[in-house]
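Worth knowing before you read on, the calculation uses all heavy atoms, side chains too, and leaves out hydrogens, waters and symmetry mates.
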Amino acid sequence: MALSTPVSGLTLPWLVLLLFLEIPGAGAQKFQLLQPQGAVSVSAGETLTLTCFVTGPAPVGPVKWFKGLGKDRQLVFSDLGSFPRVTRAVSGSNTDFTTHQWQRPKERDYRCVKVKKASGPDEEIGSGAGTNVTVRASPSAPSVSGPPSGAEPDPSVTFTCTSGGFSPRDITVTWLKNGAKLPAPEPRILPEHESVSYNMSSTVGVSLTPGDAHSQLTCQIKHSTLLAPLHGTYNLSDALRVPPRLRVGTDPAAPVTLNESVTFTCHAEGFYPKDASLTWLENGNETHLGKSSPLAENPDGTYTLQSSLEVKATEQRNRSMFTCRVVHDSQPPVSASEMLRISQPPPEPGKDDTLSDAGQSLFSSPALWIGLFLEKVLTAAFLLFLFLRSKE
Ligand SMILES: *[C@@H]1O[C@H](CO)[C@@H](O)[C@H](O)[C@H]1NC(C)=O
Ligand SMILES: *[C@@H]1O[C@H](CO)[C@@H](O)[C@H](O)[C@H]1NC(C)=O
C-alpha cells in the first residue's frame with residue numbers, strides 16, 4: 001500500500017492535533033475524512049452508496065464504516081474482514097472509501113472512521129460527519145374489509161383498511177363515505193420498534209342506512225413516497241342487509257260475504273340484497289296458488305316484492321289464517337298473517353235480502369204502529385157492535 005507522506009513540514013502529532021481540533025486553514029494537505037452526503041434517501045431494495053474520501057496525508061491503517069454512534073455502533077465494513085453485502089466502489093483505493101451496500105439497509109446514521117495502525121490497540125484518528133440514511137418504501141395499495149356477512153342497518157359496522165411495506169413510518173389515513181370525511185381513530189402502525197418497513201391498519205365505524213346500497217367507502221392513504229394518495233374502496237352494498245317489512249291485507253276488506261272471492265295481498269318492502277322468496281300458507285300449510293309480481297327496485301336501491309292469493313270464502317275457511325312468509329338473504333323467515341272472517345249469513349235463509357231489509361225498516365216505522373193500533377181499535381169497535389146487536 002502506498003502511503004502519502006506529510007509534506008507541509010508539520011510533524012505528525014501536530015497534524016493529528018489539528019485534525020481533532022478541526023482548525024480551519026490548516027492547508028490543502030491536511031488529512032481529512034470527507035463524508036459529503038449529509039442525508040441519503042434510498043428505496044428499499046435499491047443499492048445504497050455511501051461516500052467517504054480521504055484527503056491529505058493519512059497514516060497507515062484502514063477506514064472502517066460504522067452504523068450508529070457510541071458503544072451501540074455496529075461495524076458494517078472494513079477492508080479486513082468479511083462483509084458479503086458490501087463492496088468498495090473503487091477497490092484498493094487509498095482516497096476513495098465509497099462503498100456500495102446493503103440490500104437491506106437500515107435507517108441509521110452511517111460514519112466512516114479512520115483507524116491508525118499503532119503498536120498497541122488501533123487508534124481512531126478521524127471520523128466523517130456522518131450520513132443519515134432514510135430508507136424509503138411506498139405503501140402497498142390499501143385494501144378495505146368489511147364484516148364477514150351482511151350487517152343490518154343502525155348499529156355501527158366496523159371496516160378495516162390495511163397497507164404495508166412502507167418507510168418512513170409516518171402515514172396519513174383518511175376515511176370517506178361517498179366523498180365525505182368520516183371521523184376515525186389514528187391508524188395502528190406496526191412494528192412499534194424501528195424497522196426497515198411498517199404496516200398499518202385503520203378501523204372506522206360506519207352506521208349503515210337502508211339507502212347505503214349505492215354508497216361507497218374509501219380509505220385514502222398519504223405517504224411521503226407517494227406523488228398522489230392511494231385509495232382502497234368498498235361498496236357498502238356488500239356489507240348491507242336490510243330485512244323486509246311485511247304487510248298483509250285483503251280485498252274486499254273483512255268481514256267477507258260467504259262464497260265471495262277474496263284476494264290477500266302481501267307486500268315485502270324495502271329489503272336488501274334482492275334475493276328473497278315469498279310463500280303463502282293457509283293454516284300453516286303451504287299453498288302454491290299465490291301470484292308474485294316482478295321484483296321492483298326502489299329509488300334508494302332497496303327492493304319490494306308483492307304477491308297476491310285469491311281464495312273463495314267458503315264456510316270451512318271461516319277464521320282460517322293466511323300467512324305470507326318471506327325468506328330473505330338466507331335469514332330466518334319473517335311472516336305476517338291475516339284471518340279470513342266471513343260474515344254471518346242472513347238470519348232467514350230463502351228470504352231475499354232486500355225484503356228482509358224492507359221488513360226491518362217497516363217495523364221501525366211509527367206509521368206501522370199507528371196502523372196496528374187503528375186495526376185493534378176497529379176490531380174492538382166491530383166486536384162491540386156485534387155484541388150490542390146480539391143483545392137487542
Ligand atoms: C295440511 O295438509 C295436510 C296434508 O296435506 C293435511 O292432512 C292437513 O289437514 C292440512 N291442515 C290444514 C290445517 O289444512
Ligand atoms: C264465522 O265465524 C264468526 C265467529 O266465530 C261467526 O260470527 C260467523 O257467523 C261465521 N261465519 C259463517 C259464515 O259461519
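- For the side-chain hydrogen bond (donor to acceptor under 3.5 Å, both in side chains) test, residues two or more places apart in sequence or in another chain that qualify with H223 are T225.
- With rounding to the nearest 0.5 Å, the separation of NZ in K64 from CZ in F77 is 11.5 Å.
- Counting heavy atoms from C-beta outward, R241 and Y272 have side chains that stay 4.5 Å or more apart.
- L289 and M321 are members of different hydrophobic clusters when ILVMFWY side chains are connected at heavy-atom separations under 4.5 Å.
- Side chain of R169 to backbone of E192: a donor-acceptor contact under 3.5 angstrom is found.
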Q.
Applying side chain to side chain contact (heavy atoms under 4.5 Å, CB included) to V54 and F31, what does each step give before you reach the verdict?
A. CA-CA 7 Å; V54 168; F31 163 68; 3.5 Å; yes
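- Side-chain contact between R317 and V256: absent, with no pair of heavy atoms (C-beta onward) separated by less than 4.5 Å.
- In this structure, L340 CG and S320 OG are separated by 6.5 Å, a value rounded to the nearest 0.5 Å.
- Remark: the backbone N or O of L227 is not paired with any side-chain donor or acceptor of K222 at under 3.5 angstrom.
- Rounding to the nearest 0.5 Å gives a distance of 9.0 Å between CZ of F166 and OH of Y198.
- One distance of note links CZ of F66 with CG of L75; it measures 5.0 Å at 0.5 Å rounding.
- The closest side-chain heavy-atom distance from L281 to N285 is not below 4.5 Å.
- The shortest heavy-atom contact between D275 and S330 is OD2-N, 4.5 Å.
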Q: List the steps, then state whether side chain to side chain contact (heavy atoms under 4.5 Å, CB included) holds for V133 with L48.
A: CA-CA 9 Å; V133 174; L48 168 68; 4.0 Å; yes
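- Looking at L182 and L176, their side chains never come closer than 4.5 Å, going by heavy atoms from C-beta outward.
- Under a 3.5 Å cut-off, the side chain of Q37 and the backbone N or O of N132 do not form any donor-acceptor pair.
- When every heavy atom of V327 is checked against every heavy atom of P333, the shortest pair comes out as CG2-CB, 3.8 Å.
- Pairs passing the side chain to side chain donor-acceptor pair (under 3.5 Å) check and including a residue from residues 175-185, sequence neighbours excluded, read W175-S202, K177-D212, N178-S215.
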Q: With side chain to side chain contact (heavy atoms under 4.5 Å, CB included) as the test, would you mind laying out the steps for M200 and L190 before giving the verdict?
A: CA-CA 6 Å; M200 80 83 195; L190 290 174; over 6 Å; no
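- Residues meeting the side-chain hydrogen bond (donor to acceptor under 3.5 Å, both in side chains) test with H214, sequence neighbours left out: none.
- Between V334 and P244, the closest heavy-atom pair is CG2-CG, 4.0 Å.
- P243 approaches F271 most closely through the heavy-atom pair C-CB, 3.9 Å.
- For residues 297-315, no residue pair satisfies the salt bridge (charged side-chain N to carboxylate O under 4.0 Å, His left out) rule, not counting sequence neighbours.
- At a cut-off of 3.5 Å, with distance as the only test, no side-chain donor of H231 or T218 sits close to an acceptor on the other residue.
- Screening residues 263-311 for disulfide bond (SG atoms under 2.5 Å apart), with sequence neighbours left out, gives C266-C324.
- Atom CH2 of W65 sits about 4.5 Å away from atom SG of C112, to the nearest 0.5 Å.
- Without hydrogens or angle criteria, D329 side chain to P273 main chain gives no donor-acceptor distance under 3.5 Å.
- Using a 4.5 Å cut-off between side-chain heavy atoms of Ile, Leu, Val, Met, Phe, Trp and Tyr, F53 falls into a hydrophobic cluster with L34.
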Q: Applying side-chain hydrogen bond (donor to acceptor under 3.5 Å, both in side chains), run through T47 and H100 and close with a yes or a no.
A: CA-CA 7 Å; T47 303; H100 296 314; over 6 Å; no
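- Contacts classified as disulfide bond (SG atoms under 2.5 Å apart) and involving residues 155-238 (residues at least two apart or in different chains) are given here: C161-C219.
- Between the side chain of T304 and the backbone N or O of A296, no donor-acceptor pair lies under 3.5 Å.
- Of the residues V86, T98, T131, the one that meets the side-chain contact (heavy atoms from CB on, under 4.5 Å) test with L50 is T131.
- Residue pairs that meet the salt bridge (charged side-chain N to carboxylate O under 4.0 Å, His left out) test with at least one member in residues 52-63, sequence neighbours left out, do not exist here.
- Qualifying salt bridge (charged side-chain N to carboxylate O under 4.0 Å, His left out) partners for R188, counting only residues two or more places apart in sequence or in other chains: none.
- Side-chain N or O atoms of S308 include none that pairs as donor or acceptor with a backbone N or O of T265 at under 3.5 Å.
- For R325, the CZ atom sits in a loose shell: 12 or fewer heavy atoms of surrounding residues, nucleotides or ligands are nearer than 6.0 Å.
- Taking all atoms of both residues into account, the shortest heavy-atom contact from G130 to R111 is CA-CG, 3.8 Å.
- With a 4.5 Å cut-off on side-chain heavy atoms, C52 and L33 count as touching.
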Q: Begin from the C-alpha positions of I171 and I189 and carry the test side chain to side chain contact (heavy atoms under 4.5 Å, CB included) through to its verdict.
A: CA-CA 9 Å; I171 197 160; I189 300 168; 3.8 Å; yes
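- The list of side chain to side chain donor-acceptor pair (under 3.5 Å) pairs with a residue in residues 242-256, not counting sequence neighbours, reads R247-E269.
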Q: Please report the C-alpha distance between K117 and E124 in whole Å, then the side-chain angles of each, then the deciding distance to 0.1 Å, and finally whether the salt bridge (Lys or Arg N to Asp or Glu O under 4.0 Å) criterion is met.
A: CA-CA 9 Å; K117 277 278 174 220; E124 289 182 13; over 6 Å; no
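- L246 has its side chain within reach of V326: a pair of non-hydrogen atoms, C-beta onward, lies under 4.5 Å apart.
- No continuous path of ILVMFWY side-chain contacts below 4.5 Å connects V90 to F83, so the two sit in separate hydrophobic clusters.
- Side-chain atoms of V311 and F322, non-hydrogen and from C-beta on, do get closer than 4.5 Å to each other.
- The two residues Q35 and Y110 have their closest heavy-atom pair at NE2-O, 2.7 Å.
- Taken to the nearest 0.5 Å, the CG atom of L278 stands 5.0 Å off from the OG atom of S307.
- The backbone N or O of P191 lies less than 3.5 Å from no partner atom in the side chain of S195, so there is not a single donor-acceptor pair.
- Here T257 pairs with E260 under the side-chain hydrogen bond (donor to acceptor under 3.5 Å, both in side chains) rule; sequence neighbours left out.
- Note: F159 and Y234 meet the aromatic proximity criterion, with ring centroids under 6.0 Å apart.
- Residues L240 and V157 are not in side-chain contact: their nearest non-hydrogen atoms beyond the backbone lie 4.5 Å or more apart.
- Listed by chain and number, the residues in a salt bridge (charged side-chain N to carboxylate O under 4.0 Å, His left out) with K71 amount to none (sequence neighbours excluded).
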